[in-house]
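A note on names: the letters A, B, ... follow the listed sequences, proteins ahead of strands, and every chain is numbered from 1.
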Amino acid sequence: MSKLRDLQCGIGRAVLGQDEASIVSAIMGDGLDPAARLNIHRNHYISSLGEALKATYPVACRLVDERFFAYAASEYIKISPPRRVCLFEYGEGFPDFLAAFPACASLVYLADVARLEWLINAALHATAQAPIEASDLGHLDSADYPRLVFALQPSLRFIDSAWPIDRIWHLNRPDAAEVGAIDLAAGGCCLEIRQSGEDVVFRPLESGEFALRAALANGRTLEAAVEAALAQDPMFEVALALRHLFGEGLVVGYTLAPPPNPVQG
Amino acid sequence: MSDRPNLAAQPMPEKTGIGLRAPHMAEIMARRPAVGWLEVHAENYMGQGPAFRALERLRPDYPISLHGVGLSLGSTDGIDDAHLARLKRLADGLDPFLISEHLSWSAIEGVYLNDLMPLPYTEETLDLVVEHVDFVQARLGRRILVENPSAYLRFRHSPIPEAEFLAALVARSGCGLLCDINNIYVSGRNLGFDPIEYLAALPAAAIGEFHLAGHQANPVGDSVILIDDHGSAVADAVWALHGEALRRIGRRPALVEWDSRLPALDLLMAEADKADRLSKTVTPETDDVQAA
């Protein structure tokens with residue numbers, strides 16, 4: 001291995017806090033402990049990634065307070081260093097980390113609030129595509145409708161939680177003006193997240209509509225999505241729900257899945 | 001490097017530019033203030049959402065410079081093809097008048113350290129950085145500027161002085177230089193070299209941009225280390241060094257960067273005005289920009 005490779009691997013391990021002893025001899029002290037110079041980079045690594053997580057998870061930060069958040073973030077950063085360059089793509093695993101982090105186990109809703117924040121962040125960096133109209137499907141044989149697979153707006157995300165995370169989020173935004181109590185026993189919610197203009201918005205959906213849209217977003221056929229919706233709500237109005245889906249500009253394309261039971265010749 | 005496009009096919013802006021940061025975006029969109037140009041961190045606009053679309057809408061009104069922080073030009077991991085492809089897509093979409101990166105490394109063994117890590121200046125490092133700059137310039141189809149880093153440490157085995165290393169990189173790759181005045185000052189204080197000698201050793205004609213920013217003095221043990229945190233006004237000593245750079249090198253597109261403890265937009269613009277006023281008081285000894 002090259003000398004530069006050895007050096008960079010050694011510095012990298014030291015910055016990650018794994019082994020410093022083997023590399024400090026390569027660094028000039030120039031009047032300081034070489035380890036103290038290396039520590040400037042280690043501190044920057046932890047603090048800058050902590051700031052990046054705080055930018056992505058501002059509500060989770062407010063729920064636990066800044067000092068605890070910085071501590072939790074530093075523990076996460078130790079076990080999950082970034083593998084990609086863009087910081088808005090860092091921290092997808094942080095909600096799962098919080099869910100398993102014993103120090104905040106009493107905040108049962110925290111991980112789901114963080115999951116919502118990750119989806120908001122993901123929606124914020126997705127592209128917006130030109131929607132198609134329902135009339136663009138006019139040439140299809142209605143017998144093929146069950147096999148439709150819709151491409152939806154890339155920013156669409158869905159989350160369901162056993163906790164009222166929409167209300168928790170609204171009351172704990174960094175700029176929240178409203179103060180109010182949250183009744184954890186009030187029940188959970190099913191949320192749809194998406195870009196709207198230059199913002200990201202989210203709103204609760206009824207269980208049938210949530211099941212339909214989430215299934216379509218997962219690439220399921222229209223038939224499978226409708227079955228999922230009807231399983232949640234036997235009174236689910238399919239035609240109305242599809243009009244809303246197109247009317248909100250959420251469908252950007254479609255394909256037809258292969259027929260499930262080809263006719264035998 | 002006659003086969004490469006010019007450093008800038010677009011005219012060089014006369015007025016000083018500012019680093020565009022997300023908290024200022026809405027105000028800049030609304031006011032369209034009279035700043036010379038805008039520089040963004042390329043990585044912050046590699047998504048496809050509202051931030052990128054806002055920058056696209058500013059593009060007709062301002063020359064844009066893409067300043068990358070993630071190419072990791074000095075890493076033995078090599079250049080991340082996917083990341084370079086995203087930079088190219090951004091550059092193709094925005095038609096920036098400058099694209100710059102750093103003489104540093106950030107990724108090792110697949111981990112991104114989110115920092116501009118220092119390099120030992122050896123022949124091995126020079127070969128590697130030249131190879132990577134060649135690769136990046138070929139992929140982007142244009143020349144890039146490489147910025148001198150701010151340094152907090154140096155390596156025991158680093159026989160080539162940094163300014164000579166940059167000169168050799170320019171000679172071998174045909175890249176240009178982004179001369180960060182604050183970084184020269186910070187590194188000079190932290191590592192004990194003379195910033196004027198450093199300036200004198202840089203290939204002036206290859207310099208295509210100046211950066212100006214604030215730094216912070218941090219006590220470490222019994223000493224003080226200057227941290228390049230871009231979190232305050234440009235220090236008096238850095239203005240003085242910039243005056244010296246203008247005299248020796250000549251005028252170039254100049255940029256004020258401010259990242260942490262971001263001030264009101266008007267204060268940032270006042271710093272840019274200060275750079276413009278300084279530029280008018282200095283008579284350059286030379287004003288040769290390297291021909292493409």
Side-chain angles (χ1 to χ4, degrees), chain A residues 1-13 15-16 24-34 36-49 51-52 55 77 81-90 121-129 154-155 195 197-200, chain B residues 22 26 29 42-54 68-72 74-77 80 82-83 86 105-120 122 124-125 127-128 151-158 190-192 218 220-223 225 227 229 260:
Chain A
M1 206 160 39
S2 81
K3 284 182 185 164
L4 182 59
R5 181 79 187 160
D6 284 342
L7 182 75
Q8 290 180 334
C9 290
I11 298 273
R13 282 193 284 271
V15 169
L16 295 178
V24 287
S25 63
I27 298 167
M28 296 287 280
D30 289 321
L32 282 175
D33 180 356
R37 291 184 178 274
L38 196 52
N39 219 27
I40 294 168
H41 291 285
R42 174 156 175 72
N43 288 342
H44 180 268
Y45 172 72
I46 296 288
S47 67
S48 68
L49 292 175
E51 286 298 316
I77 293 160
R83 301 260 159 199
R84 303 185 69 172
V85 174
C86 295
L87 289 181
F88 63 80
E89 295 172 332
Y90 178 61
N121 174 66
L124 189 60
H125 291 95
T127 188
Q129 295 182 355
S155 73
Q195 269 178 34
E198 301 311 305
D199 278 323
V200 169
Chain B
M29 292 289 286
E43 284 71 14
N44 292 343
Y45 295 88
M46 287 183 176
Q48 296 288 296
F52 172 72
R53 296 199 294 269
V69 296
L71 268 184
S72 199
S75 173
T76 52
D77 268 12
D80 178 342
H83 187 69
R86 292 175 94 176
W105 61 282
S106 305
I108 192 69
E109 296 185 287
V111 171
Y112 176 64
L113 300 176
N114 194 37
D115 200 352
L116 302 166
M117 300 300 293
L119 286 162
T122 64
E124 183 197 356
T125 305
D127 288 345
L128 183 84
Y152 310 109
L153 61 82
R154 62 193 177 110
F155 294 103
R156 205 164 284 285
H157 183 65
S158 185
N190 288 342
L191 305 182
N218 273 23
V220 176
D222 297 331
S223 302
I225 291 280
I227 303 289
D229 68 345
S260 55

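- Between chain A and the residues B:Ala54, B:Ala42, B:Ser75, the most heavy-atom pairs under 4.5 angstrom are made by B:Ser75.
- A:Leu32 CG to B:Tyr152 OH: the interatomic distance, rounded to the nearest 0.5 Å, is 13.5 Å.
- Atom CG of B:Asn114 sits about 12.5 Å away from atom NE2 of A:His41, to the nearest 0.5 Å.
- What you find for A:Gly31 and B:Ser223 is that their closest heavy atoms are O-OG, 4.1 Å.
- For chain A, the option among B:His157, B:Arg53, B:Met46, B:Met117 with the highest count of heavy-atom pairs below 4.5 Å is B:Arg53.
- Chain A forms the most heavy-atom pairs under 4.5 Å with one residue out of B:Glu109, B:Arg154, B:His83, and that residue is B:Arg154.
- Looking at A:Leu7, only its side chain comes within 4.5 Å of chain B, counting heavy atoms on both sides.
- For the pair A:Arg37 and B:Leu191, the minimum side-chain heavy-atom distance is below 4.5 Å.
- Residues A:Gln195 and B:Gly49 approach most closely at NE2-CA, 3.8 Å, considering heavy atoms.
- Rounding to the nearest 0.5 Å gives a distance of 9.0 Å between CD1 of B:Ile227 and CG of A:Asn43.
- For chain A, the nearby part of B:Leu116 is the backbone; its heavy atoms alone come within less than 4.5 Å.
- A donor-acceptor pair under 3.5 Å is absent between the side-chain atoms of A:Gln8 and the main chain of B:Asp77, judged by distance alone.
- When the candidates A:Pro81, A:Ala126, A:Ser48 are compared by the number of heavy-atom contacts under 4.5 Å with chain B, A:Ala126 comes out ahead.
- Using a 4.5 Å cut-off between heavy atoms, A:Ser155 makes no contact with chain B at all.
- Considering B:Leu113, B:Asp115, B:Asp229 in turn, B:Asp115 is the only one that fulfils the side chain to side chain contact (heavy atoms under 4.5 Å, CB included) rule with A:His44.
- Proximity to chain B is absent for every atom of A:Glu51, based on heavy atoms less than 4.5 angstrom apart.
- Closest non-hydrogen pair, B:Arg86 versus A:Phe88, comes out as NH2-CZ, 4.0 Å.
- A donor-acceptor pair under 3.5 Å links the side-chain atoms of B:Glu124 to the main chain of A:Leu4, judged by distance alone.
- Using a 4.5 Å cut-off between heavy atoms, A:Leu38 touches chain B through backbone and side chain atoms alike.
- Shortest non-hydrogen contact noted between A:Gly12 and B:Ile108 is CA-CG2, 3.8 Å.
- The contact between A:Ile40 and chain B is made entirely by side chain atoms (from C-beta outward), counting heavy-atom distances below 4.5 Å.
- B:Pro50 approaches A:Gly197 most closely through the heavy-atom pair CG-O, 4.5 Å.
- Across all non-hydrogen atoms, the minimal contact from A:Tyr45 to B:Tyr112 is CE1-O, 4.1 Å.
- When A:Met28, A:Arg13, A:Arg83, A:Arg84 are compared by the number of non-hydrogen pairs under 4.5 Å with chain B, A:Met28 comes out ahead.
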